[in-house]
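Chain letters run A, B, ... following the sequence lines, proteins first, then strands; residues in each count from 1.
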There are 2 protein chains.
Amino acid sequence: MRLLLVEDEVEMARALMAVLVQQKHIVDHMTSIENAREALLSNVHDAVILDRQLPDGDGLALLREMRDAGDKTPVIVLTAQNEPGERVDGLDDGADDYLGKPFLADELMARLRAVVRRSESYISKVFAEGNVEIDLDHQELKISGSVVPLTRREMLVLQILARRIGKTVLRATLEEAVYGYDDEIQSNALDSHVSRLRRKLADAGACMTIHTIRGIGYLMKGT
Amino acid sequence: MRLLLVEDEVEMARALMAVLVQQKHIVDHMTSIENAREALLSNVHDAVILDRQLPDGDGLALLREMRDAGDKTPVIVLTAQNEPGERVDGLDDGADDYLGKPFLADELMARLRAVVRRSESYISKVFAEGNVEIDLDHQELKISGSVVPLTRREMLVLQILARRIGKTVLRATLEEAVYGYDDEIQSNALDSHVSRLRRKLADAGACMTIHTIRGIGYLMKGT
DNA sequence: GCAAAAACGTTGCAGCAACATTACGTTCAA
DNA sequence: TTGAACGTAATGTTGCTGCAACGTTTTTGC
């Protein structure tokens, strides 16, 4: 990971750098709010470790600036004392976690991992192609990054087709997947769902379409 | 937190349950290695409290199994005597801490906190977004700085949803997290809790709402 | 090539399953 | 004994879904 360390105390900074570098992280070290502000413009850091006591003011000021500017990079605030008051201050200003000195290197590393993992949305995409993402874990369809609401049946149809992308899926296979074996259907319910699904995909600008293989089934592929 | 207690002695188990539940933790109680093994499959526990003397063997056997399988869930081993020999046994097998009976409730709680905090499975001490703060350590919800009293179940639902903010959480996931696996649910208890939780959030002016994804689950996000 | 039939597409709507809300009885700890 | 927490059930609400009717496209039979 690439981290931004904002800490002016020499000894503390040296110790932190040693630990972080040893863990194979890339660390940019700044000793003032002003320098840190500039470094943040690059927007390449996975997380920020921010001391409160800095030569040109309270670190929380920088944190507030970041949040006001919509910067959601995870920030761990280092506080000299573990006072309840100070703690709430940091949280109100948008800190993701705080750490009272002195602390163990292990604890910092654990917090860091936790905070970064939380900011990266849980990665469980089983399918992703073009601008279409299907998150099986959360049963969500995303197109160009934004969620497209699907009903349960639509999601089922989509998943079957996506799993066999580029391959024709028999009509019977779809019916069996969407309904039970025993559950027989006596209408064109499946067609309805495909129709509504097509519309949602098109409206959202998906780069995939569902083709009809007449007499056989359906097939999904990129456009 | 959600804990797994493996202890067959009735009196000891009752006392531990009382202490842990009072601290707003959810405890799954198993009385044998076999049952505990099954419970661990779900992989949802923040820590395990493991007795050595169990009807179907030494608890350390289960601990070894877990570590061999790559399970890093923190484990605190309870030993009948505080013999140096026994202690080393446990630590060699991958225990995170040990506790010799008899012990004080406070000591267990402190060890538990320490052990869980060290482990990286613990997401963070706090969750904060907008005017909503969740303090996992104290099991408190704060909105705009003031505490909103929640019941145990409400807190659990909230934590699960908050941990996956912006993502749909399957109904089954919530049910499994709030109740045990064996504990089957035959009513709309979950719906009740969601309903009451929604009301409390709204009344307190929270900037987050719980959305229903019909047929799939729930989703929490900022307004 | 043409008509007819078959297969599929689309859309409105009623029914019903899923969900929301609230009241009430039970349990259990203080 | 009292009150909080919780599960249960009754009742109200919502919107998914199957269905059917009608339109469109492709295939078939001649």
When rounded to whole Å, the CD to C1' distance for the pair Glu154(A) and dT10(C) reads 14 Å

Side-chain ion pair, Arg52(B) and Asp58(B), N-O less than 4.0 Å: yes

Figure out the CG/P separation between Leu150(A) and dT17(D), and round it to whole Å. 10 Å

Any residue in residues 195-210 of chain A with a heavy atom nearer than 4.0 angstrom to DNA chain C? Just list them by number, or reply none. Ser195(A), Arg196(A), Arg198(A)

Among dC6(D), dG9(C), dG7(D), the one nearest any side-chain atom of Arg152(B) is dC6(D)

Keeping Asp28(B) on the side-chain end and Ala39(B) on the backbone end, is there a donor-acceptor pair under 3.5 Å? no

Heavy-atom closest contact (Asp56(B) atom, Glu34(B) atom, distance): OD2-N, 3.1 Å

Position toward the 5' end of DNA chain D (nearest nucleotide), Thr151(B) or His193(A): Thr151(B)

Would you say Asn131(B)'s side chain and Cys207(B)'s backbone share a donor-acceptor pair under 3.5 angstrom? yes

Report the distance from atom CG of Leu170(B) to atom P of dC19(C), rounded to the nearest whole Å. 12 Å

Starting from C1' on dA29(C), measure out to CE on Met17(B) and report it in whole angstrom. 14 Å

Has the side chain of His29(B) got a donor or acceptor atom that lies under 3.5 Å from a matching backbone atom of Glu7(B)? yes

Leu190(B) CG - dA9(D) C1' separation (whole Å): 16 Å

Under 4.0 Å protein heavy-atom contacts per nucleotide of nucleotides 23-30 of chain D, with B for base, S for backbone only and - for none: --BB----

Side chain of Asn188(A) (C-beta onward), nearest among dT21(C), dA21(D), dC6(D): dA21(D)

Determine: side-chain N/O of Tyr218(B) to OP1/OP2 of dA18(C), distance under 4.0 Å, yes or no. no

Side-chain N or O of Thr212(A) less than 4.0 angstrom from OP1 or OP2 on dA7(C)? no

How close or far is atom C1' of dG9(C) from atom CD1 of Ile213(A), stated in whole angstroms? 15 Å

Matching residue for Leu54(B) among Leu62(B), Ile33(B), Thr31(B) - test: side chain to side chain contact (heavy atoms under 4.5 Å, CB included): Ile33(B)

Whole Å only: how far is the CG atom of Leu174(A) from the P atom of dG18(D)? 13 Å

Measure from the side-chain N and O atoms of Glu154(B) to the backbone N and O of Arg196(B), and report whether any donor-acceptor pair falls under 3.5 Å. no

Counting only distance, no hydrogens or angles, is the base of dC6(D) paired donor-acceptor with the side chain of Ser192(B) under 3.5 Å? no

Is any side-chain N or O of Asp191(B) under 3.5 Å from a base N or O of dA18(C), one able to act as donor and the other as acceptor? no

Would you call Asp191(B) and Arg198(B) a salt bridge, using N to O less than 4.0 angstrom? no

What do the steps show when you test Tyr218(A) against Thr212(A) for side chain to side chain contact (heavy atoms under 4.5 Å, CB included), and what is the final call? CA-CA 5 Å; Tyr218(A) 293 94; Thr212(A) 305; 3.7 Å; yes

I need the CD-C1' distance between Glu175(A) and dT17(D), as an integer number of Å. 15 Å

Applied to residues 8-20 of chain B, the salt bridge (charged side-chain N to carboxylate O under 4.0 Å, His left out) test, sequence neighbours excluded, yields Glu9(B)-Lys101(B), Glu11(B)-Arg14(B)

